[in-house]
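Letters A, B, ... mirror the listed sequences (proteins, then strands); counts begin at 1. Scope of the values below: all heavy atoms of this structure, side chains included, with no hydrogens, waters or symmetry mates.
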Number of protein chains: 2
Amino acid sequence: MSNLADRIEEYLKMILSEAKEGYIVLQRGFLAQSFSCAPSQINYVLTTRFTAERGYIVESRRGGGGYLRIIRLGLDPEGKFQRLMAELIGEELSQDRANNLIDRLEEEEIFTKREAILIKSIFAERMLTDLIPSPSVFRARTMKEILANMCRDDINV
Amino acid sequence: MSNLADRIEEYLKMILSEAKEGYIVLQRGFLAQSFSCAPSQINYVLTTRFTAERGYIVESRRGGGGYLRIIRLGLDPEGKFQRLMAELIGEELSQDRANNLIDRLEEEEIFTKREAILIKSIFAERMLTDLIPSPSVFRARTMKEILANMCRDDINV
DNA sequence: GACTTTATGACCTTTCTTGACCTTTGAATA
DNA sequence: TATTCAAAGGTCAAGAAAGGTCATAAAGTC
């Protein structure tokens, strides 16, 4: 049922949440061994689950004494945030990337759970394909517009 | 008499009624096997019986560890949402009418102020005209989908 | 008989998992 | 110092494991 990749992801997030410094350092081979899987499976989890949209950076080093470092990014609420988002979103935004980003913004409490569900439901491929020639462009533009609006000061009064 | 689709529907509703969380997760292949039918028959049942208008949302995931999740929407005693959704089916929704509707739903505390602003910003004509051939159809469809999702029971967990 | 609903099967896309092979790094050795 | 080698991590393609779509046949309905 729940697959290996999900379990590894969950484990990493668990120990990451307990890490005071906001990052963890570990060895690929060792992790793979403890999950009884191919080492490349670890890379798969890292590249699919610990992406920039989801709020992570992964650094690594090869050779003797090599390691993986997974860093949890925090969003600073200063205006830098919007530029960062705009850059991250770019001109197109697939459904997958959008979902990752929205989840992340929910974790950062920029969106409520209801808002996250609302936006995701709009962005679903099945909602857009037959009506919009380029859904990815639509998502990118809309996401930026939403973020701009969510920064309005009058909104939580 | 009682055909396959009806029996599958009945079965799903039965286990759904026993699900504390308001949703069930299962595998298409497994379900098809236990009813001795083609997997696509399950999709048929889902698309004809478990629609938003009937009070359900279906999510799914492909690949290893894939699944179907059927979510029962919360009760809507006055049937207000259902009526609204029915009205919006296949209909068109101008920006003006959309704004009025959203304002009303905000007054009725179905949407928060933030949510209202969010939706309106998406529906703005300037956001849609150049990307979408028929913005009004898009608004109607999207509004329906949003309403359905706002009925989700798991939304405040 | 015409129309609608149900059912199937062939083919497609997405996601996960593994294994073979490659690259980098640092330490030991010639 | 230059070379070698072991110990990491990286990449990629193939195959498995799910669910999705669509045309068409079969079964009901009027």
Side-chain angles (χ1 to χ4, degrees), chain A residues 1-13 23-51 53-54 56-71 94-100 103 120 123-131 135-136, chain B residues 1-13 23-51 53-54 56-71:
Chain A
M1 199 62 131
S2 107
N3 56 34
L4 187 52
D6 287 344
R7 279 187 287 122
I8 295 173
E9 174 189 10
E10 195 180 357
Y11 169 72
L12 289 175
K13 284 186 173 165
Y23 66 82
I24 55 177
V25 178
L26 40 80
Q27 288 191 263
R28 187 181 74 152
F30 184 75
L31 186 59
Q33 250 190 358
S34 64
F35 277 93
S36 305
C37 66
S40 55
Q41 177 73 353
I42 306 303
N43 296 79
Y44 176 71
V45 173
L46 292 179
T47 54
T48 55
R49 310 324 211 243
F50 293 84
T51 61
E53 288 116 38
R54 295 194 184 204
Y56 301 91
I57 288 179
V58 177
E59 297 173 347
S60 69
R61 183 148 192 190
R62 302 188 185 188
Y67 60 83
L68 299 173
R69 182 200 309 262
I70 308 175
I71 305 167
S94 70
Q95 183 180 356
D96 269 359
R97 282 187 57 224
N99 282 340
N100 290 338
D103 284 341
K120 281 191 217 168
F123 283 176
E125 199 67 36
R126 104 191 123 75
M127 291 291 294
L128 308 178
T129 31
D130 62 324
L131 230 45
S136 292
Chain B
M1 191 61 152
S2 102
N3 57 30
L4 186 51
D6 288 343
R7 279 187 289 121
I8 295 173
E9 174 188 10
E10 194 180 357
Y11 169 72
L12 289 175
K13 285 185 173 166
Y23 65 82
I24 54 176
V25 177
L26 40 81
Q27 288 190 262
R28 188 182 72 153
F30 185 75
L31 187 59
Q33 251 189 357
S34 63
F35 278 92
S36 306
C37 65
S40 54
Q41 177 71 358
I42 305 302
N43 296 80
Y44 175 71
V45 173
L46 292 180
T47 53
T48 55
R49 273 51 171 198
F50 292 85
T51 61
E53 296 99 274
R54 296 196 185 203
Y56 300 90
I57 287 179
V58 178
E59 298 173 345
S60 69
R61 184 156 186 187
R62 302 189 186 189
Y67 60 83
L68 299 173
R69 182 199 310 264
I70 307 176
I71 304 168

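Nucleic acid contact class of Arg7(A) (heavy atoms, under 4.0 Å, all strands): none. Across all strands, Arg69(B) comes closer than 4.0 Å to no nucleic acid atom at all (heavy-atom distances).
Along DNA chain C, the nucleotide nearest to Cys37(B) and the one nearest to Gly63(B) differ in position, and the one closer to the 5' end is contacted by Cys37(B).
For the pair Gln41(A) CD and dA16(D) C1', the interatomic distance rounds to 13 Å; values are reported in whole Å. Atom P of nucleotide dT29(D) and atom CG of Asp6(B) are separated by 10 Å, given to the nearest angstrom. The CG atom of Leu4(A) sits 14 Å away from the P atom of dA17(D) (whole-angstrom rounding). Atom CZ in Arg62(A) sits about 6 Å away from atom P in dG10(D), given to the nearest Å. With rounding to whole Å, Asn3(A) atom CG is found 21 Å from dG15(D) atom P. Atoms OH (Tyr44(B)) and P (dT24(D)) sit 18 Å apart, rounded to a whole Å. A straight line from CZ of Arg28(A) to P of dT11(D) spans 10 Å, rounded to a whole angstrom. Distance, Glu59(A) CD to dG9(D) C1': 14 Å, rounded to whole Å.
Distance check, rounded to the nearest 0.5 Å: CG of Leu26(A) to OH of Tyr11(A) gives 7.5 Å. To the nearest 0.5 Å, the span separating CG on Asp96(A) from CD on Glu125(A) amounts to 9.5 Å. To the nearest 0.5 Å, atom CG of residue Leu31(A) and atom CD1 of residue Ile8(A) are 6.0 Å apart. The OH atom of Tyr56(B) lies 9.5 Å from the OG1 atom of Thr51(B); values are rounded to the nearest 0.5 Å.
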Take Glu59(B) and Lys120(A) through the test salt bridge (Lys or Arg N to Asp or Glu O under 4.0 Å) and record every step on the way to the result.
CA-CA 12 Å; Glu59(B) 298 173 345; Lys120(A) 281 191 217 168; over 6 Å; no
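Nucleotides of DNA chain C with any atom under 4.0 Å from a heavy atom of chain A span, from 5' to 3', dT15(C) to dG26(C).
Although no hydrogens or angles enter the test, the distance criterion places a donor-acceptor pair under 3.5 Å between the side chain of Asn3(A) and the main chain of Gly64(B).
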For residues 36-44 of chain A, run the donor-acceptor check on the side chains, cut-off 3.5 Å, and write out each pair with its distance to 0.1 Å, sequence neighbours left out.
| unit_1 | atom_1 | unit_2 | atom_2 | d |
| --- | --- | --- | --- | --- |
| Asn43(A) | OD1 | Arg28(A) | NH1 | 2.7 |

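For Ser60(B) and dG20(D), the shortest distance from a side-chain N or O to OP1 or OP2 is below 4.0 Å.
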